[in-house]
Amino acid sequence: QLKLVESGGGSVQAGGSLKLSCEADVWIPSTYCMAWFRQDPEKERAGVAGIYGIYTGSPASYYADSVKGRFTVSRDNTKNTLYLQMNSLEPEDTAMYYCATGNGPCDLTDMKTMRTWGQGTQVNVSA
């Protein structure tokens, strides 16, 4: 069974950067979306960024409006690893970040489209 393991979380000051990684223990086809979601205790889990169709000539990347221009999602197929480069971090980015994958294009508005989830990695951004 597919297992996803996140790493790279931590504590930073506002304006800082972190890079999250999500390693899969098996190869994930390009027909699967790989995505990042986040959740803090007071909110529902929400999509952050995703990538789909990595083996095509132009893979599609998806971003929540709140992170566009600050976060970059990427995938290294040789390492079965998904990344999330987070720059210009804000206190509002504080959350548990989860890696997930599901068949088909990414739909960051519907977490039910994701079939497998990691355990999460915590990101704390202080003012």
Side-chain angles (χ1 to χ4, degrees):
Q1 184 174 349
L2 171 63
K3 183 178 180 181
L4 302 174
V5 179
E6 302 95 334
S7 61
S11 297
V12 296
Q13 290 188 326
S17 299
L18 284 173
K19 186 174 184 177
L20 306 184
S21 299
C22 169
E23 184 174 359
D25 62 348
V26 297
W27 178 75
I28 297 177
S30 66
T31 53
Y32 276 59
C33 168
M34 290 195 75
W36 292 96
F37 286 71
R38 67 186 181 187
Q39 185 174 19
D40 70 33
E42 299 179 358
K43 297 180 182 178
E44 294 184 352
R45 194 170 297 188
V48 176
I51 191 165
Y52 170 77
I54 194 66
Y55 295 117
T56 68
S58 56
S61 298
Y62 306 76
Y63 295 96
D65 288 343
S66 60
V67 306
K68 283 180 181 177
R70 300 188 298 123
F71 291 10
T72 303
V73 63
S74 61
R75 178 175 167 179
D76 185 339
N77 296 314
T78 64
K79 299 179 180 179
N80 294 331
T81 302
L82 179 73
Y83 300 100
L84 185 66
Q85 177 66 48
M86 304 186 296
N87 299 328
S88 301
L89 282 162
E90 304 168 352
E92 293 75 21
D93 296 317
T94 294
M96 182 72 80
Y97 283 71
Y98 297 91
C99 174
T101 187
N103 196 7
C106 300
D107 183 352
L108 299 180
T109 67
D110 186 0
M111 58 180 287
K112 294 190 295 295
T113 61
M114 299 291 110
R115 298 186 63 181
T116 303
W117 293 84
Q119 294 299 306
T121 185
Q122 180 68 36
V123 172
N124 296 312
V125 185
S126 59

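Because the structure is a prediction, the values reported are computed rather than measured.
Scored by the side-chain contact (heavy atoms from CB on, under 4.5 Å) test, A14 finds P91, V125 as partners (sequence neighbours excluded). Under the side-chain contact (heavy atoms from CB on, under 4.5 Å) criterion, T72 pairs with Y63, Q85, sequence neighbours left out. In terms of the side-chain contact (heavy atoms from CB on, under 4.5 Å) criterion, residue partners of R70 (sequence neighbours excluded) are, by chain and number, V67, S88, E90, D93. The side-chain contact (heavy atoms from CB on, under 4.5 Å) search around K43 returns D40, not counting sequence neighbours.
Between C22 and L4, the shortest heavy-atom distance links the atoms SG-CB, 3.9 Å. Shortest non-hydrogen contact noted between G102 and M114 is N-SD, 3.9 Å.
In the hydrophobic cluster analysis, where Ile, Leu, Val, Met, Phe, Trp and Tyr join through side-chain heavy atoms closer than 4.5 angstrom, Y52 is grouped apart from Y83. When hydrophobic clusters are built by joining Ile, Leu, Val, Met, Phe, Trp and Tyr residues whose side-chain heavy atoms come closer than 4.5 Å, directly or via intermediates, W36 is grouped together with M86. In the hydrophobic cluster analysis, where Ile, Leu, Val, Met, Phe, Trp and Tyr join through side-chain heavy atoms closer than 4.5 angstrom, Y98 is grouped apart from L89. Hydrophobic clustering (ILVMFWY, side-chain heavy atoms < 4.5 Å, transitive): L2 and F37 are in distinct clusters. Residues V12 and Y97 fall within the same hydrophobic cluster, defined by Ile, Leu, Val, Met, Phe, Trp and Tyr side chains chained together at heavy-atom separations under 4.5 Å.
Judged as a side-chain hydrogen bond (donor to acceptor under 3.5 Å, both in side chains), the pairs with a partner in residues 4-19 (not counting sequence neighbours) are, in order, S17-N87. Listed by first and then second residue, the side-chain hydrogen bond (donor to acceptor under 3.5 Å, both in side chains) pairs involving residues 114-127 are Q122-N124 (not counting sequence neighbours).
For the pair L108/V48, no side-chain contact is recorded, criterion being any heavy-atom separation below 4.5 Å from C-beta on.
Checked by atom type and distance alone, the side chain of T101 pairs as donor or acceptor with a backbone atom of C33 at under 3.5 Å.
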